[in-house]
Amino acid sequence: MTTGPAATGPAATGPAATGPAATGPAATGPAATSPAATGPAATGPAATGPAATGPAATGPATAGPLAGIRVLEAGHMLAGPYATMMLADLGAEVIKIEPPGGDISRQVSDAYFASLNRGKRSVRLDLTTPSGQERLGELASDAHALLVNLKPSAIHRLGLTYEALKKWNERIVCVALTGYGLDAGDDPAFDYVVQAATGVAALTGDPAGPPTLPGYSSADNSSGLTAALGLLAQIVSGRGGQVEVSLRDVMLSQLNYRASAYLNEGVEPRRLPLGAHSYYVPAQLFPTADGHLALFITHDSFWKSFAGEAGIEGFPAMAERAARREEVLDVVTKALASDTATAWETRLRPLGVPAAAVRTLPQALAATPEAIVTAGDFRLVRGPVRVAGYEPAYGPPPRLGEHGS
C-alpha cells in the first residue's frame with residue numbers, strides 16, 4: 001500500500017507539476033497518473049498494486065482512459081454500483097467493499113448483481129469492527145476516491161466521509177450518494193419514492209389516468225452517472241474533499257426546462273396524452289395500423305419532409321402547429337393509420353425525420369447485437385462511453401470476498 005499516490009507523490013512527472021496546481025494538492029496527488037503524464041498507470045497504484053490483475057491489466061493493449069485510478073465503493077443495489085461500474089468499464093480499478101453478508105443485490109439474482117458489478121474486485125469487511133476500520137484506512141491510503149451510497153447515518157457511523165478518511169489520505173475524494181443529502185436525515189429514498197417526491201411521476205402517464213412510473217430505475221441510474229461525474233471532476237481538480245449527490249437533486253435538475261417554465265413564466269407542467277411534448281407539435285407516440293410510432297417534429301424542415309411523405313397539407317410553421325395542436329394531431333393520427341409503425345420508420349428515416357417504431361426490450365436488443373458483451377458467464381449491455389482505440393475488458397462480477405476479507 002505504500003506505492004500509491006499518497007506515498008510517492010507521482011505528480012512530479014505529470015501536467016500538474018508545471019501548472020497552477022504545482023504547489024497545491026495536485027502536486028502530490030493522483031493527477032499525474034493520467035495518460036498525459038508518463039503513460040496510463042505508469043506511476044500510479046495500478047502499476048504495483050492490485051490493479052495489476054484487474055480489468056485494465058487483462059484487457060487489450062490500449063489502456064482505458066481511467067487506467068491507474070483506484071476507486072473504492074461501499075454501495076448496494078443500484079445507484080452507487082452503477083456509477084463505479086461505468087468507471088471500471090473505462091479502465092479504473094474498482095474495489096467493492098462489502099459487508100459480511102455481501103451487497104444485498106446479490107440476493108436479487110446473479111444476473112442482477114452482474115449487471116451492476118462487472119469488472120470489479122470484492123473485499124469483504126465488517127466496518128463495525130476496529131479491524132475493519134483499520135483495513136478501510138489502509139485501502140483509502142492509496143485510493144483516489146471512495147463512492148458510497150448508504151443512509152447518511154451509516155455513512156457517518158462507518159467512517160465513510162472525507163473528514164474521517166483524510167487522516168489516511170488528504171487527497172482522497174469521498175462521494176456520498178444519498179436520497180436527500182448527507183446531512184438531511186435518513187428518510188427512505190428509493191428510486192420510485194424520489195420520482196414521486198420530485199414531480200416526475202405526476203408528469204408521466206395519460207392525463208385521464210393515475211400518475212405513472214417508468215419501467216426502469218431512472219432516478220438511480222441518473223444519480224449514478226451524476227455521482228461518477230462529480231467524482232471525476234474532483235479528481236481532476238487535484239484536491240481531495242467531500243462530494244455530495246442526492247437522488248432528489250438529480251431528478252429536480254433533470255426537470256430543467258419544465259422547472260424553468262414554471263419558475264420564470266408561471267407555466268405549471270401538465271400531462272398530455274401519449275407522452276406529448278409540451279410545445280413541439282407533433283411530438284409524441286401515435287397509433288398506426290400495427291404498433292405505435294414515436295414521431296418528434298422539432299423543426300419546420302422536419303414537418304415539410306414528413307407532411308410530404310404522409311400527404312398532409314398546411315401547418316408549415318411550428319407556432320401554428322402549436323396553436324392548432326388538436327387539429328394537427330387529428331390529421332397526423334389519420335395519416336399514420338394507413339401503414340404500420342415499422343413501415344413508417346423505414347419511410348421516414350431516409351428523409352431525416354426523427355421517428356421510431358416502439359419496440360420491446362427483446363426487440364431492441366435483437367436490433368443492436370453489437371451492444372451485447374460477455375462478462376464472465378453473463379451476457380450484458382456494454383458501457384455507453386466508447387473511446388477510440390480502447391475496448392473494455394468487461395471482466396466478470398466478483399465473488400463475495402474474492403479479493404480479500
Side-chain angles (χ1 to χ4, degrees), residues 1-34 36-38 41-51 66-75 80 83-84 87 92-97 123 125 127 130-150 152 154-178 181-183 227-245:
M1 297 293 178
T2 59
T3 57
T8 58
T13 58
T18 56
T23 58
T28 58
T33 60
S34 64
T38 55
T43 58
T48 56
L66 297 183
I69 298 297
R70 177 174 290 160
V71 178
L72 308 179
E73 174 216 304
T84 56
L87 302 177
E93 179 198 4
V94 176
I95 300 175
K96 186 177 182 71
I97 299 173
V123 174
L125 290 182
L127 296 178
S131 62
Q133 284 293 309
E134 183 71 17
R135 179 60 176 145
L136 171 65
E138 293 173 355
L139 290 169
S141 68
D142 61 356
H144 295 83
L146 163 71
L147 189 147
V148 53
N149 73 303
L150 297 168
I155 294 174
H156 287 292
R157 184 177 70 254
L158 298 176
L160 297 170
T161 64
Y162 178 73
E163 188 63 29
L165 293 175
K166 66 180 180 180
K167 64 182 178 182
W168 296 93
N169 181 357
E170 289 187 352
R171 292 175 298 279
I172 193 169
V173 174
C174 294
V175 181
L177 180 49
T178 65
L182 191 52
D183 297 315
L229 173 62
L231 180 150
L232 293 175
Q234 189 67 8
I235 286 180
V236 169
S237 78
R239 301 185 301 271
Q242 185 70 55
V243 176
E244 290 190 52
V245 174

Hey, what do you get for [atom1] ([X]) to [atom2] ([Y]), rounding to the nearest 0.5 Å?
X: Leu150; Y: Leu177; atom1: CG; atom2: CG; result: 9.5 Å
X: Ser141; Y: Lys167; atom1: OG; atom2: NZ; result: 12.5 Å
X: Glu134; Y: Trp168; atom1: CD; atom2: CH2; result: 4.0 Å
X: Leu165; Y: Leu136; atom1: CG; atom2: CG; result: 5.0 Å
X: Lys96; Y: Leu147; atom1: NZ; atom2: CG; result: 10.0 Å
X: Asp142; Y: Arg171; atom1: CG; atom2: CZ; result: 11.0 Å

Is a side-chain N or O of [X] found less than 3.5 angstrom from the main chain of [Y], in a donor-acceptor match?
X: Gln242; Y: Cys174; value: yes
X: Glu244; Y: Gly181; value: no
X: Glu73; Y: Val94; value: no
X: Gln234; Y: Arg239; value: yes
X: Asn169; Y: Ala140; value: yes

Would you indicate whether the side-chain heavy atoms of [Y] and [X] approach each other to under 4.5 Å?
X: His156; Y: Asp183; result: yes
X: Ile172; Y: His144; result: no
X: Val245; Y: Thr178; result: no
X: Ile235; Y: Ile69; result: yes
X: Leu158; Y: Val148; result: no
X: Val173; Y: Leu146; result: no
X: Leu232; Y: Leu66; result: yes

Practice task
Under the side chain to side chain contact (heavy atoms under 4.5 Å, CB included) rule, what do Asn149 and Val175 come out as? Steps first, then yes or no, please.
Solution key: CA-CA 8 Å; Asn149 73 303; Val175 181; over 6 Å; no
Exercise for the section: Report the residues that fulfil side chain to side chain contact (heavy atoms under 4.5 Å, CB included) with Glu170, sequence neighbours left out, ordered by chain and then residue number. Expected result: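 Scan of Glu170 (side chain to side chain contact (heavy atoms under 4.5 Å, CB included), adjacent residues dropped) gives Tyr162.
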Handout entry: Partner residues of Leu125 under the side chain to side chain contact (heavy atoms under 4.5 Å, CB included) criterion, sequence neighbours left out
Key =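 For Leu125 the side chain to side chain contact (heavy atoms under 4.5 Å, CB included) partners, ignoring immediate neighbours, are Ile97, Val123, Leu127, Arg135, Leu139.
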Problem - Non-hydrogen atoms of Ala227 and Ala83 that approach each other most closely - result: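 For Ala227 and Ala83, the tightest heavy-atom pair comes out as CB-CB, 4.4 Å.
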